[in-house]
Amino acid sequence: MMRKKLLEVKNLKINFKTYAGLVQAVRGVNFELFEGETLAIVGESGSGKSVTSNAIMKLIPQPPGIYEDGEIFFEGRDLIPLSEKEMSLIRGNDIAMIFQDPMTALNPTMRVGRQITEVILKHNKIPHSEAKARAIQLLQLVGIPMPEKRFRQYPHEFSGGMRQRVVIAIALAADPKLLIADEPTTALDVTIQAQILELMKDIQKKRNTAIIFITHDLGVVANVADRVAVMYAGQIIEYGTVNDIFYDPRHPYTWGLLGSMPDLKNDVKEELRTIPGSPPDLIHPPIGDAFAARNEFAMAIDYVKEPPMFQVSDTHYAKTWLLHPNAPKIPVPESISRRIEGYLKEAKGNG
Amino acid sequence: MVKKLLEVKNLKLYFGSPSNPIKAVDGISFDIFEGETLGLVGESGCGKSTTGRSIIRLYDITDGEILFKGKNIHAGKSRKELIELNREMQMIFQDPYASLNPRMTAGEIISEGFNIHGLYKDKLQRREKVAELLEAVGLNREHAYRYPHEFSGGQRQRIGIARALSLDPSFIIADEPISALDVSIQAQVVNLLKRLQKERKLTYLFIAHDLSMVKYISDRIAVMYQGKIVEIGMAEDIYHNPIHPYTKSLLSAVPLPDPMTERKRQRIPYEYEETDEHAKLQEVLPNHFVYGSNSQLKKWII
Ligand SMILES: Nc1ncnc2c1ncn2[C@@H]1O[C@H](COP(=O)(O)OP(=O)(O)OP(=O)(O)O)[C@@H](O)[C@H]1O
Ligand SMILES: Nc1ncnc2c1ncn2[C@@H]1O[C@H](COP(=O)(O)OP(=O)(O)OP(=O)(O)O)[C@@H](O)[C@H]1O
Ligand SMILES: [Mg+2]
Ligand SMILES: [Mg+2]
């Protein structure tokens, strides 16, 4: 089957002018996304996940933001030169976004039901009564009890988790080709989270929606992603299929992320791995590999020259000098390889 | 023999009016033993924070008893006894941003309790104690002069922990101390809490909805649902052999960093079952208690 490429981000660079200096928030990001596919973006706070996704929506405030370089092709057309008017036709229509903070996405003075119905009516030529029925159904789908009653309430009458589910319902109501979800479930209970992830996957299957899913929960990534981009200091430092990243991680930063989750299956009580130090200052990004100062395997070259993206396989890339043919072979830290072996063995055991 | 540090007996805490009560905590009983970590999990609104806040006496309880070192904490107490109780029990709050006064330096925040308790009156002594606390949580003494906004989220949570430790408590209630943090910083804070527990023989009540971290940090886990404890037992037993259908449902929803497992994940939805008036928390296996009626327990155990 030929899959259609929906989105291609090329060498995206976003800066912010601040009093302290120019913040280089996104420093040359490349990725692509096909119809029906989910890309998860992971990385610690401040690594540029939200700026990257806001940039695709053309929601970077200018000033202080600057589209310094790069292209964002959506269905073959570069979004960066588009006017605000052209962009507003795409936004909420072809591309919908679920924001990190649900309160900013809702209109506090409008009943929740009407906010959803309006989006449905904007995208479908159907009678009002049918739109209302669909809105109630969506509220039910995102797990809101007594949707008929809730339909008539205002956002402040909802709990934080319920508001987030309303935001998700609104994004889904638009039936977008691309859905960008920025930490959509971080504030929710695991049970509700699982329900919402199932719902998103369901809709994706039916409508072939492409999804960019931003989260720092690696369990959620393993659940939703086809491909994973690991971001560090404004760059993608490892990129691959979900299996590449979880079963064959190559970048020491990815090792650090995986090691900071407890290994639940194996009842191991050893200390969690942590990534020492803190992320670099993006006003003066370090010379060489931005991760060097925190990397226990850093080599002399890491402080001098930025590594390129090395190709590990057809689908898998990582930006670390450790992959250079002349670099010493550093094995994956034992605590991580042990748990990967455990997962793989179990998968084999279950057939 | 391990000693009970805290005994909660049939605790009830109702909000709202007596005619229309919100039963936030509805008759729960559990013990916490010296030196252990008890994890308290359950969905949003099930009463976890209310339980913690009742123990630390932020609320007047509706019914029941809470004993700390054998003494009823809500019964009439002398001022001296209250001060001592406040020293021994401390709380770490969920939100590292909101729980620190932005106009106070880290040093002032950490040493605030010293005045109330008349400790370290000598300036030099006080400065040393603050420095020692900062170092204990992985910060350094210069940080004493900085304001909260000059710290990252993980660092702010460390200041909250240093403040909780400042009066040498024996018992700490941590209400979702890591939920607002990045995974890598969560790991730092969890390692820190475990290390401090060992060094200072602390006892923890660790409240969270992230089951993976709870399982990792806790010796025992209590699962709450709508104001009641529905299951309590050793962390390993709760995780590998859950008995109450709500616990099963909760565990079936926890995503693991293992794509092949996730592809096969089948969530078990929970369907609320009425219990009759004979329902109670019963020991179904050694140290493993489940709430239900006899007929329910029979059904669930097979
Ligand atoms: N309006 C702005 N002005 C100046 N700097 C900004 C602005 N918006 C973002 N930044 C900076 O850009 C960098 C990337 O921020 P971004 O919000 O993308 O992080 P993130 O990866 O989404 O983090 P989190 O997990 O905390 O949401 C940060 O250093 C941030 O301080
Ligand atoms: N001050 C209050 N007045 C009235 N109702 C309250 C008050 N505090 C809590 N409640 C209600 O009591 C119940 C239990 O709340 P609690 O904060 O203990 O839940 P929780 O388990 O900590 O949830 P979360 O995981 O969302 O923090 C909820 O229904 C809540 O709405
Ligand atoms: Mg963000
Ligand atoms: Mg709470």
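Convention: sequence-line order gives letters A, B, ...; per-chain numbering from 1.
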Of the listed A:V220, A:I275, A:D189, the one with the largest count of heavy-atom pairs under 4.5 Å with chain B is A:D189
Determine whether a donor-acceptor pair (N or O, by modelled atom type, separation under 3.5 Å) exists between the side chain of A:K49 and the backbone of A:G43. yes
Quick check on A:Q193 against chain B: is it the side chain, the backbone, both or neither that has a heavy atom closer than 4.5 Å? side chain
Using a strict 4.0 Å threshold on nitrogen-to-oxygen distance, state whether B:R220 and B:E36 make a salt bridge. yes
Max heavy-atom pairs within cutoff under 4.5 Å with chain A, candidates B:G45, B:S212, B:S249, B:P259, goes to B:P259
Given a strict heavy-atom distance threshold of 4.5 Å, which part of B:V183 is in contact with chain A: side chain, backbone, both, or neither? both
Give the member of B:R267, B:E43, B:Q188 that has the highest number of heavy-atom pairs under 4.5 Å with chain A. B:R267
Sort out for me which of A:I245, A:I340, A:V242, A:L344 touches chain B most, counting heavy-atom pairs under 4.5 Å. A:V242
Between B:T261, B:L250, B:N191, B:L256, which residue shows the highest count of heavy-atom pairs closer than 4.5 Å to chain A? B:N191
At a heavy-atom distance under 4.5 Å, which candidate from B:P257, B:A253, B:G42, B:A235 has the highest pair count against chain A? B:P257
Go through the atoms of A:I192 and report whether side chain, backbone, both or neither lie under 4.5 Å from a heavy atom of chain B. neither
Is A:E271 salt-bridged to B:K198, going by a charged N under 4.0 Å from an acidic O? no
Against chain B, work out which of A:G219, A:G259, A:G46 has the most heavy-atom pairs shorter than 4.5 Å and name it. A:G219
Taking the six-membered ring for Trp, are A:W255 and A:F297 parallel (under 30°), tilted (30 to 60°) or perpendicular (over 60°)? perpendicular
List the steps, then state whether ring pair (Phe, Tyr, Trp, His ring centres under 6.0 Å) holds for A:H251 with A:F291. CA-CA 10 Å; A:H251 198 289; A:F291 187 57; 5.8 Å; yes
Rounded to the nearest 0.5 angstrom, the CZ-OG1 distance for A:F246 and A:T254 is 10.0 Å
What's the separation between atom CE in B:M224 and atom OG1 in B:T51, rounded to the nearest 0.5 Å? 3.5 Å
So what's closer than 4.5 Å to chain A heavy atoms on B:S252: side chain, backbone, both or neither? neither
Between A:K345 and A:E341, does any side-chain N to carboxylate O distance fall below 4.0 Å? no
